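To start, the structure under review is shown below, and the notes come after it.
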Amino acid sequence: MFEGFEVNAMPQPIIEILKPDGSLCKGADPPDLNPKELLRLYRTMLLNRRVDEQMVRLQRQGRIGFYIGSLGEEAAIIGSAAALAPNEWIMPCYRELGAALYRGFPLFDFFCQLFGNARDPVKGRQMPNHYAIPELRFGSISSPVGTQIPQAVGMAWAAKILNRKEAVLVYFGDGATSQGDFHVGANFAGVYEVPIVLLCRNNQWAISVPFSTQTASDSIAVKASAYGLEGIRVDGNDIFAVHQVTRQAAEKAREGGGATLIEAVTYRLAGHSTSDDPRAYRPDAEVKEWQGKDPLLRFKRYLIHEGHWSEADDQKAELETRKAIQVDLKRAEKVGPPAIDTLFEDVFDQLPWHLQEQLQNCRETEEGAFAEHEV
Amino acid sequence: MFEGFEVNAMPQPIIEILKPDGSLCKGADPPDLNPKELLRLYRTMLLNRRVDEQMVRLQRQGRIGFYIGSLGEEAAIIGSAAALAPNEWIMPCYRELGAALYRGFPLFDFFCQLFGNARDPVKGRQMPNHYAIPELRFGSISSPVGTQIPQAVGMAWAAKILNRKEAVLVYFGDGATSQGDFHVGANFAGVYEVPIVLLCRNNQWAISVPFSTQTASDSIAVKASAYGLEGIRVDGNDIFAVHQVTRQAAEKAREGGGATLIEAVTYRLAGHSTSDDPRAYRPDAEVKEWQGKDPLLRFKRYLIHEGHWSEADDQKAELETRKAIQVDLKRAEKVGPPAIDTLFEDVFDQLPWHLQEQLQNCRETEEGAFAEHEV
Amino acid sequence: MPVYNIIQAVNDALRVEMRRDERVVVLGEDVGKFGGVFRATQGLHEEFGPDRVWDTPLAEQGIIGSAIGMALYGLRPVPEIQFADFIYPAFDQIVNEAAKMRYRSGGKVTCPMVIRTPYGGGIRGGHYHSQSPEAYFVHTPGLKVVIPSNPHDAKGLLIAAIRDDNPVIFMEPKRIYRASRGEVPDGAYTVGLGKAKVVREGTHLTLITYGAMVPTALQTAEAASDQDGISMEVIDLRTLMPYDLETILHSVRKTGRAVIVHEAPKTCGFGAELAATINEKALLHLEAPVYRVAGFDTPFPYTLEEHYLPNQKRIRRAMQESLSF
Amino acid sequence: MPVYNIIQAVNDALRVEMRRDERVVVLGEDVGKFGGVFRATQGLHEEFGPDRVWDTPLAEQGIIGSAIGMALYGLRPVPEIQFADFIYPAFDQIVNEAAKMRYRSGGKVTCPMVIRTPYGGGIRGGHYHSQSPEAYFVHTPGLKVVIPSNPHDAKGLLIAAIRDDNPVIFMEPKRIYRASRGEVPDGAYTVGLGKAKVVREGTHLTLITYGAMVPTALQTAEAASDQDGISMEVIDLRTLMPYDLETILHSVRKTGRAVIVHEAPKTCGFGAELAATINEKALLHLEAPVYRVAGFDTPFPYTLEEHYLPNQKRIRRAMQESLSF
Ligand SMILES: Cc1ncc(C[n+]2csc(CCOP(=O)(O)OP(=O)(O)O)c2C)c(N)n1
Ligand SMILES: Cc1ncc(C[n+]2csc(CCOP(=O)(O)OP(=O)(O)O)c2C)c(N)n1
Ligand SMILES: [Mg+2]
Ligand SMILES: [Mg+2]
């Protein structure tokens with residue numbers, strides 16, 4: 001039959017810099033990050049890892065209702081977030097705690113959000129891990145998969161309209177690329193050449209659905225061609241490679257070069273969330289194989305090998321990290337629930353008559369409850 | 001910066017067989033269609049063209065409320081429809097009258113639908129051009145752009161499940177490719193390898209929006225790569241090329257080879273519909289250029305050159321066509337509106353209490369009206 | 001004062017606000033050079049240029065999704081959905097995202113935007129160019145819903161909506177887009193959201209309606225007073241969320257009778273909320289049940305649309321039932 | 001008879017129908033090998049194989065769009081939407097396509113399918129794992145809407161829905177998925193769509209509710225009779241469209257008082273339709289206004305969900321208001 005237009009025949013390089021053993025790939029230029037920057041990245045990854053582990057324990061103990069972490073995906077998240085300027089917007093999915101921590105999200109605020117207590121920045125209205133940090137240019141997290149993509153494109157479009165030389169970074173998973181929102185977001189990004197970096201954490205799974213059932217395309221990166229975008233595949237467990245491609249994509253965006261779709265090839269080492277048991281649907285062997293590619297260990301080896309870090313430093317850092325977590329966790333766990341009045345705030349900028357009425361009705365019905373709930 | 005994955009650099013051939021002057025392209029194998037088949041195709045194209053012209057006049061005269069035609073796109077539509085077996089489903093957009101006529105859609109039924117009268121197959125419930133001919137395996141036409149795509153994929157999927165060796169053909173425009181429904185439909189088609197031909201009539205315009213604003217990709221065909229599908233570009237004004245690529249894609253589908261995305265490059269010579277005035281947004285020069293590529297004229301020249309047809313035959317055919325149109329139009333225009341009771345039918349298989357009550361109420365209120373409206 | 005129709009009033013409101021506030025931008029299918037399929041954005045592309053007015057690809061979820069992003073970034077987008085019937089691909093972005101942004105972020109993130117869309121029947125548009133989906137949005141906490149019935153209100157309400165800090169669904173009565181004409185003040189003025197208007201004083205019965213049904217209601221009221229000496233009060237709600245309960249109750253307490261008129265299907269339509277609330281708050285003042293004259297619970301038809309839509313006959317019938325109860 | 005919870009009953013219904021009818025197929029996110037995030041499809045993939053049970057890509061509009069196509073082709077698809085909160089990307093396919101297919105084609109094309117989806121709060125799911133969107137679908141002509149409250153009805157209603165020739169939205173009360181247990185007959189049986197059930201007889205007041213609110217209503221009724229000797233009749237609607245008007249009116253005419261309870265936001269919720277219709281058809285029997293105890297008109301909260309959801313306190317309060325009116 002006629003020669004069809006067979007894109008998938010093309011080879012797709014995966015960009016790598018840092019090998020699992022902590023050494024650099026042959027010919028790869030070392031990251032131009034100074035030791036201070038390198039250690040900030042490492043400490044953030046370490047913190048992200050330990051917070052995740054600790055919060056999963058907390059959930060098992062019934063102290064929080066739910067948790068969703070990023071075990072194994074820290075490099076893809078933190079490496080990319082670090083490539084943006086602090087004033088540039090990050091539009092997250094629900095796994096980018098590392099990006100928030102890199103920008104200085106206080107652990108106390110995070111823990112309060114997990115508890116949904118009176119000090120929760122989002123007032124106890126969303127599930128754990130669904131915070132919003134606009135003061136750090138970090139968007140509001142939502143559960144519906146993919147909705148942040150066209151929104152982020154709209155933000156980048158606005159930045160372009162206002163002639164700000166800013167890039168926007170949006171995160172999403174492999175599953176999200178199947179949604180209409182990914183399609184329209186990427187298509188608008190191409191048509192209006194907006195300054196955005198579309199970063200897909202391809203962690204191979206969408207809850208129990210493997211990448212092979214998500215799409216028949218060879219990769220996520222190849223989808224860029226459908227929108228006239230540049231598509232790049234990068235080793236998502238390689239913090240240097242992720243950082244470098246993201247920085248270049250962001251720079252290109254700032255300079256009017258438009259959007260880039262980056263596929264960070266990584267793996268979700270844990271269950272989808274604390275509600276999930278992955279043993280029901282995937283082989284241990286696969287998990288083991290990816291454990292061998294641990295981004296944190298890889299980075300640590302590099303730092304030690306380069307003399308920026310030592311086992312002693314590491315133990316010290318581990319202790320500090322644990323301590324920091326314990327201190328804020330204790331404080332956060334003491335805070336009571338939000339006042340019931342807060343239920344009615346923020347639906348609109350003001351309380352319309354029907355909400356005033358419902359608040360009044362709720363007040364009267366709950367009587368005591370209000371007292372109980374004061375903080 | 002890193003070498004991105006630049007698909008758009010690739011050349012994309014447009015498959016052609018029949019030149020505008022009616023001769024075959026060098027090296028192209030002549031269509032394997034016998035004279036009878038050739039003339040059936042031609043007569044259908046001619047009928048499609050004359051019906052469109054006549055109906056636009058009818059609308060201008062206020063005899064019908066609206067019309068949407070396919071001027072200039074007849075080859076893309078009829079050439080592809082003819083490549084399917086009669087028992088294979090066609091899921092149309094709203095411009096595929098030619099496909100329906102090829103399958104034997106009676107003009108009388110079509111005209112009754114335009115009038116929305118008592119003999120309208122869809123009971124006067126939809127705008128002109130929104131019919132349904134399941135008895136000819138031709139789906140129900142809907143206005144929302146793109147919705148038929150995932151539906152057609154579901155039909156092809158069902159055919160596969162039931163081991164029918166059938167292909168499904170779905171039509172849509174260039175604008176439709178921007179919808180989430182195109183994305184999910186094509187993605188599902190790739191994942192489940194369903195026997196479908198996705199045929200995009202790229203007529204360069206979506207009402208007033210040019211293809212260049214619709215997407216930044218080089219073509220529609222290239223989007224196939226995002227779904228692991230084969231993508232083909234074909235001259236949509238070349239009935240032989242369209243027929244051949246569609247037949248091969250359908251054959252591939254029946255044999256378990258999965259889905260194909262065909263981009264038929266054509267042009268909407270008229271306004272979007274009778275509600276539109278294209279002079280407000282596009283240059284005459286562009287229209288003129290495409291008039292020179294007229295698919296009907298091209299085909300006629302070929303037939304005459306090959307001795308299958310003559311000017312005399314053509315005049316005869318024109319007369320017969322006009323006559324056929326006049327006869328059924330007269331009959332159709334005489335039919336009165338549907339009975340008011342029909343308003344309440346077919347919401348569900350049966351009339352629930354609330355619709356019985358509303359019918360009763362309507363009956364009583366309209367009294368006379370009912371009599372008036374009897375056919 | 002110039003006399004405008006509703007389209008001209010909408011166009012004027014957009015122009016006035018775009019001149020006043022750089023942050024106001026317009027996007028949608030065919031809204032640019034072409035000026036919109038109903039011409040509501042005509043001339044904006046010329047005056048404000050390609051950086052404030054865009055034609056978009058054919059994707060409602062992309063239009064609303066990116067408009068939300070623009071709002072998050074600080075702009076005041078006014079996206080157009082070409083027909084309300086085509087708003088559903090954007091439904092998730094509207095009800096799960098725009099509507100909940102402020103609440104879910106603890107009030108830290110807002111998305112002020114106005115989604116303009118023509119709604120309603122009477123133009124021989126059949127299933128997909130005639131729908132009235134307002135109840136879906138009224139039922140969604142976090143959205144304001146506004147429906148003008150005349151040029152003066154259209155301009156004043158649209159300007160108020162653009163200046164409002166909440167997402168607003170602004171539904172335009174396309175059936176009377178051109179038929180409804182009236183004096184419209186030059187320049188900027190607002191008609192406050194949440195305020196209904198008594199467009200006809202009366203004593204026997206209260207007709208509550210909005211949008212394209214207001215003229216029908218008024219004609220029915222005139223006919224009723226001429227032919228049967230019945231005095232109907234007619235309320236034009238103008239804003240459905242939050243709606244003006246006070247004006248409604250004040251009128252119903254006076255007349256003791258209410259009939260609600262809207263085009264949307266009756267079951268779970270906005271009229272259900274009004275009837276339920278009136279009964280909840282004014283039961284003892286009611287001399288008769290609150291009746292609803294609405295579209296039938298069927299998809300919107302083509303040929304018989306004038307029988308589907310509330311018309312004078314059906315409103316008169318409900319009036320008589322109420323008065324003779 | 002085996003004792004099942006609602007999930008097991010749903011699973012059993014699917015198995016029974018898939019054994020009976022080859023055309024019945026299941027698709028959705030994580031419904032295959034994994035058996036669904038709530039385990040409702042557990043074992044189906046093993047028993048019926050990869051040609052009748054599929055995991056799909058993460059795209060609700062793709063799930064429903066292709067399910068519609070399957071139905072058009074002659075299958076009986078039972079797509080699952082993982083949470084009702086995520087049904088909106090498929091809203092256009094549901095309300096503009098599935099709901100209108102029969103009508104717009106003059107009755108020539110039908111699409112019998114059952115969209116299963118868990119709905120409602122009480123599981124600490126916050127905004128996006130707690131919603132009750134039933135009113136959107138009840139307001140859409142062409143859709144049936146079914147909501148069971150116990151294992152017996154869940155199985156019988158789901159089987160009836162699968163055999164029904166219309167598109168059915170089948171909403172499952174996830175809060176009581178496991179908590180609600182009861183005897184479930186083996187094999188196939190149906191509970192007719194459109195028939196409500198009086199789950200508690202009473203004389204003073206009628207509580208009308210459905211789904212996860214039924215147990216709450218019953219507990220409130222028990223408490224009211226124990227503590228105040230008040231006799232409440234409780235109606236479990238089971239089907240919302242078409243709903244069982246006769247059973248409702250029969251009860252309200254007897255008790256003269258009605259309170260409607262649902263989780264969804266009050267404004268334009270299904271309770272509005274019931275209240276409006278009861279007032280329309282039984283005004284003279286009413287001793288008090290019909291009250292609604294519903295979710296507040298806010299997005300669904302997280303920490304304070306038990307205060308958001310109708311609870312015994314709030315139902316009791318409405319009851320007292322009604323009785324003391
Ligand atoms: C619209 C929508 N559908 C379904 C879900 C349920 N859900 C939550 S996460 C998830 C999988 C997401 O996979 P992916 O996009 O790859 O992100 P990952 O979790 O792997 O980071 C699903 C199906 C949802 N949150 N939103
Ligand atoms: C969801 C939706 N949005 C908008 C419209 C209005 N509309 C009707 S046709 C059309 C353009 C379609 O362009 P294309 O897909 O290229 O098909 P063509 O008309 O060129 O054949 C638009 C915007 C619609 N019918 N449905
Ligand atoms: Mg994933
Ligand atoms: Mg087109």
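The structure displayed is predicted, hence computed values, not measured ones. Note on naming: letters A, B, ... go to the chains in the order of the sequence lines (proteins, then strands), and numbering restarts at 1 for each one. Below, all heavy atoms of this structure are taken into account, side chains as well, without hydrogens, waters or symmetry copies.
Checking C/Glu97 against A/Ser142 by side-chain atom types alone, a donor-acceptor pair falls below 3.5 Å. Checking A/Arg164 against C/Tyr73 by side-chain atom types alone, a donor-acceptor pair falls below 3.5 Å.
Residues C/Arg52 and A/Ile161 are not in side-chain contact: their nearest non-hydrogen atoms beyond the backbone lie 4.5 Å or more apart. At least one side-chain heavy atom of A/Thr147 sits less than 4.5 Å from a side-chain heavy atom of C/Asp92. The closest side-chain heavy-atom distance from A/Gln151 to C/Gln93 is below 4.5 Å. Side-chain atoms of A/Pro150 and C/Gln61, non-hydrogen and from C-beta on, never get closer than 4.5 Å to each other. In this structure, C/Leu75 and A/Leu162 have side chains that are in contact, with non-hydrogen atoms separated by less than 4.5 Å. Two residues are said to be in side-chain contact when any heavy atoms from C-beta on lie closer than 4.5 Å; C/Met241 and A/Phe348 meet this criterion. Between C/Tyr243 and A/Trp353 the shortest side-chain heavy-atom distance falls below 4.5 Å. The shortest side-chain heavy-atom distance between C/Leu72 and A/Met91 falls under the 4.5 Å cut-off.
The candidate from A/Gly185, A/Ser143, A/Pro121 with the greatest count of non-hydrogen atom pairs under 4.5 Å with chain C is A/Pro121. Between chain A and the options C/Pro77, C/Gly107, C/Pro89, C/Pro167, heavy-atom pairs under 4.5 Å are most frequent for C/Gly107. Chain C forms the most heavy-atom pairs under 4.5 Å with one residue out of A/Ala152, A/Gly139, A/Pro134, and that residue is A/Pro134. Interface remark: of the candidates A/Lys160, A/Gln350, A/Met155, A/Arg125, A/Arg125 forms the most heavy-atom pairs closer than 4.5 Å to chain C. When C/Val25, C/Asp51, C/Thr277, C/Leu245 are compared by the number of non-hydrogen pairs under 4.5 Å with chain A, C/Leu245 comes out ahead. When each of C/Pro141, C/Cys111, C/Gly69 is scored by its heavy-atom pairs under 4.5 Å with chain A, the top score falls to C/Gly69. In terms of heavy-atom pairs under 4.5 angstrom with chain C, the leader among A/Ala158, A/Pro352, A/Ala156 is A/Ala158. Per-residue heavy-atom pair counts under 4.5 Å with chain C were compared for A/Gly180, A/Gly154, A/Gly124, and the maximum is reached by A/Gly154.
Around atom CD of C/Glu246, no more than 12 heavy atoms belonging to other residues, nucleotides or ligands sit under 6.0 Å away. Within 6.0 Å of NZ on C/Lys197 lie no more than 12 heavy atoms contributed by other residues, nucleotides or ligands. The environment of A/Glu251 atom CD is dense: over 12 non-hydrogen atoms of other residues, nucleotides or ligands sit within 6.0 angstrom. Counting non-hydrogen atoms of neighbouring residues, nucleotides and ligands closer than 6.0 angstrom, the NZ atom of C/Lys195 reaches no more than 12 such neighbours.
No salt bridge links A/Glu345 with C/Arg102; every basic N to acidic carboxylate O contact stays at or beyond 4.0 Å.
Atoms CD1 and OG, on A/Ile141 and C/Ser105 in that order, are 11.5 Å from each other to the nearest 0.5 Å. Atom CG of C/Asn166 is separated from atom CG of A/Asp349 by 4.0 Å, given to the nearest 0.5 angstrom. Considering NZ of A/Lys123 and NZ of C/Lys108, their distance stands at 10.0 Å, rounded to 0.5 Å.
Note on residues 165-184 of chain A: pairs passing salt bridge (Lys or Arg N to Asp or Glu O under 4.0 Å), not counting sequence neighbours, are A/Arg137-A/Glu166.
Closest approach of C/Ala59 and A/Val184 over heavy atoms only: CB-CG1, 3.6 Å. C/Ser66 and A/Trp157 get closest at one heavy-atom pair: OG-CZ3, 3.7 Å. Annotation for C/Val109 and A/Ala132: closest pair CG2-CB, 4.5 Å, computed over non-hydrogen atoms. Nearest heavy-atom pair, C/Asn96 versus A/Pro144, reported as atom, atom and distance to 0.1 Å: ND2-CG, 3.7 Å.
Both the backbone and the side chain of C/Thr56 come within contact range of chain A, judged by heavy atoms closer than 4.5 Å. No part of C/Ile64 comes within reach of chain A, as not one of its non-hydrogen atoms sits under 4.5 angstrom from that chain. Contacts between A/Thr342 and chain C at a heavy-atom distance below 4.5 Å involve the backbone alone (N, CA, C, O). The part of A/Val191 that comes within reach of chain C is its side chain, from C-beta onward, which places non-hydrogen atoms under 4.5 angstrom from that chain. Heavy-atom distances place the side chain of A/Tyr192, and not its backbone, under 4.5 Å from chain C. Using a 4.5 Å cut-off between heavy atoms, C/Lys144 contacts chain A through both its backbone and its side chain. Looking at A/Glu357, only its side chain comes within 4.5 Å of chain C, counting heavy atoms on both sides.
Side-chain atoms of A/Asn187 never come within 3.5 Å of backbone atoms of C/Pro57 as a donor-acceptor pair (strictly under, hydrogens ignored). Under a 3.5 Å cut-off, the side chain of C/Arg104 and the backbone N or O of A/Val122 do not form any donor-acceptor pair. With hydrogens and angles ignored, the 3.5 Å screen pairs a side-chain donor or acceptor of C/Tyr103 with a backbone N or O of A/Leu343.
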